Amino acid sequence: MSAVKLPDGKELPIEPGDRAKDVAERIGPRLRRDAVVAKLDGKLVDLDAPVEDGEEFEVVTRDSPEGLYVLRHSTAHAMAQAILELYPGSKLTIGPPVEGGFYYDIEVAGRVTDEDLPRIEERMREIVKRDLPIYREEVSKAEAEALYRDNPYKLELIRDLKEGEVSIYRQGEFFDLCRGPHVESTGKLGAFKLQNIAGAYWRGDEKNPMLTRIYGTAWPTEKELKSYLRRLEEAKARDHRKLGKDLNLFTFSPDVGAGIPLFLPKGEMLRHLMEDFVREVQTKHGYEHVWTGHLVNERLYAKSGHLEHYEDAMFPPMKDGETSYRLKPMNCPSHMTLFNSRAHSYRDLPIRYAEFATLYRYEKSGELSGLTRVRSLTQDDAHIFCTEDQVQEEFARALEIIREVLGTYEFTDYRVRLSLRDPDSKKYISDEEKWERAEEALRSALDAAGIPYEPVRGEAAFYGPKADFMAKDVLGREWQLSTIQVDFIQPGRLGCEYIGEDGQAHTPVLLHRAVTGTTERFMAVLIEHYAGAFPTWLSPVQAAIVPVADRHLEYARKVERELAGRGLRVEVDDSINTMQKKIRENARQKVPYILVVGDTEAEAGAVNVRPRGTKKQETQKIEEFAERVLAEVAAARGSNSDSSAGGV
RNA sequence: GCCUGGGUAGCUCAGCGGUAGAGCAGCCGCCUUGUAAGCGGCAGGUCGGGGGUUCGAAUCCCUUCCCAGGCUCCA
């Protein structure tokens, strides 16, 4: 007798000719109803697919990640059908499900704009109402080519397919070259919404024609769709560009230039606090701080190889007679020049040069975005010159710094991507043996530190492999923050050397490393991570003093002097407003503490403390409040707070 | 760079061929206040820049600058 194996290990008998949906029905009518597709031996198939003896069988419901994926894929088909109906002659290309939804890239006959989306949605709903059965059809390559003789995109896709693995999905008049699987009929789609239109090059290559991409999202129920849209709204409210404006942190001006952020006093204070913190941690770990300016003779980049590999991302040269200068797009050649400014013994190593350097990169105009993609950026960069034997230890040290810094910022969930070269790509400097050693050094350093990582081919820098740290913020979004790179190539090119124990000259290994990446981008991440409510140690203003009436201004000033004298960042709100309005404004500015002072407080030498996010108040002596804040800051900054009083 | 959308007062936005608007912010007064918007008045704009169409342009067309969302997690 024939049977399939269920996920719980039980065997379920099947009849000859049984399809996935029959098996689901036999397990339970309820399951049959919730089924989207099935899984046979781990492979997703349509509910209409035949089932065979001995296979492992699993029903996939719309609540599972795979079911949702299929649901979205099928929704993309319905959208494609709607567009073909509304814009006859349009050519379909690809339409996959993606994180959160789906898209379809189409060469639309005519023009589609955002205002057309409701119309397309409307047509999609109509298609759902028609409840068209969706079925799969296996065809030969020749048949598929005949179907798509007017569609060069699909023909290109078909060309890359093997004979025998070509399938078409049909629903009513509509058909699409597709691997599947799909839901049973258009009536089985859930709640969906078309979100936006964008241009997208065919196969992502700017040499190819531009297609119209329409993004949508789809969910099993209306309720889930609503809650997803609400989450999007929440993320929008945290947008660092909006908060940056509201909190008076930074601005942009076409008068200065695109992609060049201008920091207001509060934003600059934030930068200062961020950089100061990393500087301190680095100093503690034996890094030395250097400074190498903004302009560099182009010849240096020719020598280092950057000119060849990186020129597109540099600002054009500034000519001075025979000499061409470039705005500095990276520090490594400058730091190597520092290294070369004197002779080195193996006893000097490792040498760790750190610099908060403002770099200039010519990002394409369309890629600029808020603080996350800018043309002037401040990198918390460091270069470590060491012997090959020291790589592991220095890597571990860099890792320690990264853990400490990210931990303090409450990024505890991160993974490591090991970016390796793609041996077939011309992008990389070729030196087989050195690449091998560099990759090996990184792997063993990661292994020694017990950090899990996933290797990715083709993501390496041109001079060597790197370990990138991807951290999740409170919304679960992932950001690439820290990076550690091993470089066996540049030091040799720029003639870096040290005298070894053997009295011979050797080339040092160079580790490149950044902790927060760039101050600008990291600030954007922090703003969104904290929704603008920075922890007290990081807040530009830690306490706002609100006098009850004008006659309390004098006492407010006294409180300000005393708290500032203890190292707190405080401000008196002396605007011509009512007390209520001042509380409102300072609360909106997300100041951690609002201190209300009136007759009672002035008499007692106290402040009335209203911590951020509450309406609760308590009265404390000025000194008591100062201690409270200092203790809070010390706790948040961990062991580093001890050194902060002494300065760096 | 390319596609789509957008740029109107410091901010958020309305107006979309017929005399430039609102709220907030700002300024000036009054109020002197006990925990998220007190009241009144005033001022503020070459409608991103340039060119064109028109009797007439914020509005239509061209061009340029800037901003937003995108630009292969493969049919």
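Please read all numbers here as calculations on a predicted model, not as lab measurements. Every chain is numbered from 1, with letters handed out A, B, ... down the list of sequences.
- Among the heavy atoms of the strands, none lies under 4.0 Å from E363(A).
- Here the rule is ring pair (Phe, Tyr, Trp, His ring centres under 6.0 Å) with Y215(A), and of F192(A), Y104(A), Y103(A) only Y103(A) fits it.
- Using a 4.0 Å heavy-atom cutoff across all strands shown, G257(A) reaches no nucleic acid atom at all.
- Note on D599(A): a base of the nucleic acid sits closer than 4.0 angstrom, heavy atoms only.
- Separating the C1' atom of rA20(B) from that of rC66(B) is a span of 23 Å, rounded to the nearest Å.
- Within 4.0 Å (heavy atoms only), K154(A) reaches sugar-phosphate atoms of the nucleic acid but no base atom.
- Among the heavy atoms of the strands lying under 4.0 Å from I94(A) are primed sugar atoms or P, OP1, OP2 only; no base atom is included.
- Rounded to the nearest Å, the gap between the C1' atom of rU4(B) and that of rC42(B) is 43 Å.
- rU8(B) and rC60(B) have their P atoms separated by 15 Å, with the value rounded to a whole Å.
- At a threshold of 4.0 angstrom between heavy atoms, the contacts of V98(A) with the nucleic acid are absent.
- Across all strands shown, rG52(B) is found opposite rC60(B) as a Watson-Crick or G-U wobble partner, with both distances under 3.5 Å.
- Here, rG26(B) and rC11(B) have their C1' atoms 11 Å apart, quoted to the whole Å.
- Residue G100(A) is out of contact with every strand shown, counting any heavy-atom pair closer than 4.0 Å.
- For the 3.5 Å distance criterion, the side chains of Y153(A) and E107(A) qualify, holding a donor opposite an acceptor.
- Within the 4.0 angstrom heavy-atom criterion, only backbone atoms of the sugar-phosphate kind lie near N196(A); the bases stay farther away.
- With sequence neighbours left out, the side chain to side chain contact (heavy atoms under 4.5 Å, CB included) criterion links Y201(A) to E206(A), M210(A).
- No hydrogens or angles considered: a donor-acceptor pair under 3.5 Å links the side chains of T536(A) and E632(A).
- Base contact: N608(A) has a heavy atom under 4.0 Å from a base atom.
- Annotation: F175(A), atom CZ; neighbour count of heavy atoms from other residues, nucleotides and ligands within 6.0 Å is above 12.
- Residue Q617(A) is classed as a base contact, given a heavy-atom separation below 4.0 Å to a base.
- Aromatic rings from Y593(A) and F625(A) are positioned such that their centres are separated by under 6.0 Å.
- Using atom C1' as the reference point in both rG15(B) and rC55(B), the two lie 23 Å apart (nearest Å).
- For H552(A) and D599(A), the side-chain atoms include at least one donor-acceptor pair closer than 3.5 Å.
- For K193(A), the NZ atom counts as loosely surrounded, since its 6.0 Å shell holds 12 or fewer non-hydrogen atoms of other residues, nucleotides or ligands.
- A distance of about 49 Å separates the P atoms of rG51(B) and rA37(B), rounded to the whole Å.
- If you check rU12(B) for Watson-Crick or wobble pairing at under 3.5 angstrom, you find it paired to rA22(B).
- Using a 4.0 Å heavy-atom criterion, one finds that R179(A) contacts the bases of the nucleic acid, with or without backbone contacts as well.
- For rG1(B), the paired base is rC71(B) (Watson-Crick or G-U wobble, both distances below 3.5 Å).
- Of all nucleotides in RNA chain B, those with any atom nearer than 4.0 Å to a heavy atom of chain A start and finish, going 5' to 3', at rG1(B) to rA75(B).
- As judged by a 4.0 angstrom heavy-atom cut-off over every strand, E618(A) is placed among residues making no nucleic acid contact.
- In this structure, L161(A) reaches the bases: a heavy-atom distance under 4.0 Å links it to at least one base atom across the strands shown.
- Residue S369(A) is in sugar-phosphate contact alone, with no base atom involved, counting any heavy-atom pair closer than 4.0 Å across all strands shown.
- rG40(B): Watson-Crick or G-U partner is rC28(B), with both key distances under 3.5 Å.
- Taking for each of V112(A) and D176(A) the nucleotide of RNA chain B with the nearest heavy atom, the 5'-most of the two is the partner of V112(A).
- Partners of R136(A) according to the salt bridge (Lys or Arg N to Asp or Glu O under 4.0 Å) rule, which considers only residues two or more places apart in sequence or in another chain, are E138(A).
- Look at the P atom in both rA58(B) and rA9(B): the space between them is 14 Å, to the nearest Å.
- When the C1' atom is used for both rA14(B) and rG41(B), the distance is 25 Å, rounded to whole Å.
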